[in-house]
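Have a look at the structure below, then the notes.
Naming: A, B, ... by sequence-line order, numbering from 1 per chain.
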Number of protein chains: 2
Amino acid sequence: MKEKELRRSLAVLPIGTVMKLTDLSARQIRYYEEQDLITPDRNEGNRRMFSLNDVDRLLEIKDYLADGINMAGIKEIYALQKQRAQQKQADLDKPLTDKDVRRILHDEFLNLGRFQSDKGPNYPTH
Amino acid sequence: MKEKELRRSLAVLPIGTVMKLTDLSARQIRYYEEQDLITPDRNEGNRRMFSLNDVDRLLEIKDYLADGINMAGIKEIYALQKQRAQQKQADLDKPLTDKDVRRILHDEFLNLGRFQSDKGPNYPTH
DNA sequence: TAATTCGTGTGACGTTTTCTGACATGTGTG
DNA sequence: CACACATGTCAGAAAACGTCACACGAATTA
């Protein structure tokens with residue numbers, strides 16, 4: 001699936017195409033870039049070039065706005081998402097700590113009897 | 001999979017992008033269009049707009065040319081492909097004729113003993 | 001109420017991209 | 001040699017896009 005990811009992040013679309021695809025005005029798209037919600041590439045002639053991922057994000061932004069969320073809110077949403085993704089990557093990179101191992105074992109013990117009787121131990125989950 | 005087909009045939013790429021994606025010159029791309037090897041859309045301003053399918057085909061054309069096949073040959077290849085595709089569609093559309101049914105039954109008979117002994121009847125397949 | 005902020009529209013003006021059409025060129029082929 | 005093929009190149013015009021500035025209505029704040 002690495003190739004598909006690459007394709008989706010290839011910056012190949014000019015703003016005119018993106019306008020049609022998203023039904024947003026050039027002004028809107030440029031403003032969202034100004035607000036760092038998207039960061040399209042530039043070609044040699046300084047034209048913005050967008051990827052399919054950019055288009056997806058623009059459609060998301062449109063939805064958030066329609067839901068009454070403002071720029072600041074949307075920025076926060078993406079900041080949280082980014083944070084979460086980075087944490088996830090860090091988790092994959094680093095081996096488990098002793099503390100993690102204990103927690104996992106603990107959780108497994110908690111779940112041991114869970115589906116054996118209707119009224120199990122019912123420990124609190126944390 | 002209908003959606004994917006649609007995406008691949010959406011004309012969203014300007015010629016500049018296609019040039020980079022295919023490493024062909026604008027002159028070459030326009031010439032191949034002139035030869036009816038591709039038929040990109042036009043936007044309201046008369047600019048050519050290409051789909052991913054167009055890009056694929058251009059890469060194919062490039063390969064054929066590299067193999068020493070000339071325009072006429074490539075045209076013929078695509079004409080045959082089109083013909084085959086149309087026939088396939090026609091087959092799907094029309095019910096089987098009596099002749100088809102007889103042929104199919106015949107083939108099935110031929111295949112009946114095929115995998116039962118190492119040295120089967122070994123009839124010619126046609 | 002007056003001032004400010006937010007998200008967007010609009011216009012001016014300059015640069016880049018693309019269009020068509022014409023002519024040039026190198027490489028084969030009859 | 002003359003010709004066809006595939007491509008390069010140039011010119012002039014039109015379309016698309018860039019930035020910058022100003023405007024505006026709705027919401028917020030002083």
Distance in angstrom units between B:Asn43 CG and C:dT17 P, rounded | 16 Å
Evaluate whether atom CZ of B:Arg8 has more than 12 neighbouring non-hydrogen atoms of other residues, nucleotides or ligands under 6.0 angstrom away.
-> yes
Just how far, in rounded Å, is C1' of D:dC5 from CG of B:Leu37?
-> 14 Å
Atom CG of B:Asn46 and atom P of D:dA16: how far apart are they, to the nearest Å?
-> 9 Å
Detail all sub-3.5 Å separations between protein N/O atoms and N/O atoms belonging to nucleotides 20-28 of chain D.
none

Which atoms form the tightest heavy-atom contact between B:Pro40 and B:Met49, and what is the distance?
-> CB-O, 3.6 Å
Mind listing the N/O atom pairs, protein and nucleotides 5-7 of chain C, below 3.5 Å?
from  : atom 1 : to      : atom 2 : distance (Å)
C:dG7 : OP1    : A:Met71 : N      : 2.9
C:dG7 : OP2    : A:Tyr31 : OH     : 3.1

Provide, to the nearest angstrom, the distance between the CE atom belonging to B:Met19 and the C1' atom belonging to C:dT16.
-> 13 Å
Would you mind telling me which of C:dG9, C:dT18, D:dC17 lies closest to the side-chain atoms of B:Ile15?
-> C:dT18
Compute the angle between the rotation axes at the two ends of the helix from C:dT1-D:dA30 to C:dG30-D:dC1, each taken over five pairs, rounded to 10 degrees.
-> 10°
What distance do A:Arg57 atom CZ and A:Thr39 atom OG1 have between them, rounded to the nearest 0.5 Å?
-> 8.0 Å
Is the number of heavy atoms from other residues, nucleotides or ligands under 6.0 Å of A:Glu3 CD greater than 12?
-> no
Check whether any side-chain N or O of A:Lys62 sits under 3.5 Å from a backbone N or O of A:Leu24 as a donor-acceptor pair, and report yes or no.
-> no
Within the structure, does a side-chain N or O atom of A:Arg48 lie under 4.0 Å from either OP1 or OP2 of D:dC17?
-> no
